[in-house]
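Following: one structure in structure tokens, then a few remarks.
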Number of protein chains: 2
Amino acid sequence: MTARERLVRIGEVAREAGVSVRAVRYYEQQGLLTAERSPSGQRLYRQDAVTLVRFFQQMYAAGLTSQRIAQLLPCWSSGHTDAEQRAMLRAERDRIQAKVDDLQAALDRLDEVIAITDAHP
Amino acid sequence: MTARERLVRIGEVAREAGVSVRAVRYYEQQGLLTAERSPSGQRLYRQDAVTLVRFFQQMYAAGLTSQRIAQLLPCWSSGHTDAEQRAMLRAERDRIQAKVDDLQAALDRLDEVIAITDAHP
DNA sequence: CTAGAACCTGACGCTGACGTCAGAGGCAAG
DNA sequence: CTTGCCTCTGACGTCAGCGTCAGGTTCTAG
């Protein structure tokens, strides 16, 4: 027998995840998120949708595209990967690491300027 | 007497800075870069234009807009700032720092998945 | 002198994650 | 019943840093 989960509507998902309703619909359109439908056609999400949406936001912030996230979602949910997915995971990781280094360099640059300009009032 | 500097054309600036010619023109349009003009109208840059362009790229990579860079350029070149500029500098610094933290979190997340999927062949 | 590379000024196109508007239906409260 | 909020499906708008094409001039090598 299937466990009776509490289903929530799109507004609640959006609010709890801190994104817009439009964004949540967009994730569905990109194949990242699926929802049951009420008889009247309203989307009904399981609780973990909120967690998923937060995860998407984190990946977007890290520079991944919807397509990449969609391709890597199985790794996340099933814990299993093929060679191509492992390669993508590593590529994204390296890209993010490089970006962190770039940002750190820019940060150091700004801190330099801040230090200098703080010394000259 | 003004020192006779070696002036370079836009193609050389772009090549040495690793960006497109279009990008260099764009920077001028955004008020980031100025150039003398040859009698025939070609842009002539001083050597340090290359350094500047690289700096712009670094700031762009850090998420600053053209407008922000333009507003902060005086700080960089003259070493002098007003209160507003100092506030902007700090705001950008904090934003970048936050972004670094976000990226680091995403990185840890991916590394987790990589570790797990490497264990399950 | 001539071919080709490099340069010029517009001006439209692109990308990706949404914002926003229009028009219509759904749902609990008073 | 109706008021008001939530939701639906399209579909066009946005923004920023360029890419790209058109149509023309200019510089440079041979």
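Below, chain A is the first sequence line, B the second, and so on; all start at residue 1. Small disclaimer: the values here were computed from a predicted structure and weren't measured.
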Q) Residues in side-chain contact (heavy atoms from CB on, under 4.5 Å) with A/T51, at least two apart? A) none
Q) Excluding sequence neighbours, so at least two apart, what forms side-chain contact (heavy atoms from CB on, under 4.5 Å) with B/D48? A) B/R46
**Q.** Stretch residues 51-61 of chain A: residues that reach within less than 4.0 Å of DNA chain C through a heavy atom
**A.** A/Q57, A/Y60
**Q.** Set of residues satisfying side-chain contact (heavy atoms from CB on, under 4.5 Å) with respect to B/A106, sequence neighbours excluded
**A.** A/Q58, A/M59, A/A62
Q. Between A/Q29 (CD) and D/dC8 (C1'), how many Å, whole number?
A. 14 Å
Q) Hey, is the side chain of B/S66 poking within less than 4.0 Å of OP1 or OP2 on D/dG17, counting only N and O atoms? A) yes
Q: Kindly compute the distance separating CD1 (A/I116) from CG (A/D111), expressed to the nearest 0.5 Å.
A: 11.0 Å
Q | Closest-nucleotide ordering on DNA chain C, the 5'-leading residue of B/L44 and A/T65 | A | B/L44
Q: With heavy atoms under 4.0 Å as the rule, sort B/R37 into base, sugar-phosphate or nothing.
A: sugar-phosphate
Q: With sequence neighbours excluded, tell me which residues meet side-chain hydrogen bond (donor to acceptor under 3.5 Å, both in side chains) with B/E16.
A: none
Q: Return the residues of residues 15-28 of chain B meeting this criterion: a heavy atom under 4.0 Å from some atom of DNA chain C. Order them by number, or give none.
A: B/R22, B/R25
Throw together a table of side-chain donor-acceptor distances under 3.5 angstrom for residues 27-36 of chain B, partners on residues two or more places apart or in other chains.
from: B/Y27; atom 1: OH; to: B/Q57; atom 2: OE1; distance (Å): 2.6
from: B/E28; atom 1: OE1; to: B/R43; atom 2: NE; distance (Å): 2.8
from: B/E28; atom 1: OE2; to: B/R37; atom 2: NH2; distance (Å): 3.2

Q | Rounded distance (Å) that lies between atom P of C/dC18 and atom CG of A/L32 | A | 10 Å
Q) Phosphate oxygens OP1/OP2 of D/dT7: is one of them under 4.0 Å from a side-chain N or O of A/R43? A) no
Q | Spacing between A/Y45 atom OH and D/dC6 atom C1', to the nearest angstrom | A | 13 Å
Q.
Over all strands shown, is B/L64 touching base, sugar-phosphate only, or nothing at heavy-atom distances under 4.0 angstrom?
A. sugar-phosphate
(Q) Would you say CD of B/E12 has more than 12 non-hydrogen atoms from neighbouring residues, nucleotides or ligands within 6.0 angstrom? (A) yes
Q. Excluding sequence neighbours, so at least two apart, what forms side-chain hydrogen bond (donor to acceptor under 3.5 Å, both in side chains) with B/D102?
A. none
**Q.** Whole angstrom value for the distance that separates C1' of D/dC15 from CZ of B/R68
**A.** 16 Å
**Q.** By side-chain contact (heavy atoms from CB on, under 4.5 Å) - contacts of A/S40 (at least two apart)
**A.** A/S38, A/Q42
Q) For B/L44, what are the other residues in its hydrophobic cluster, where any two members join if their side-chain heavy atoms are less than 4.5 angstrom apart? A) B/L7
Q. Among all residues two or more places apart in sequence or in another chain, which pass the ring-ring contact (aromatic ring centres under 6.0 Å, His included) test with A/F55?
A. A/W76
Give every pair of a protein N or O atom and an N or O atom of nucleotides 27-30 of chain D that lie under 3.5 Å apart, one pair per line with the distance.
from: D/dC27; atom 1: OP1; to: B/S40; atom 2: OG; distance (Å): 2.7

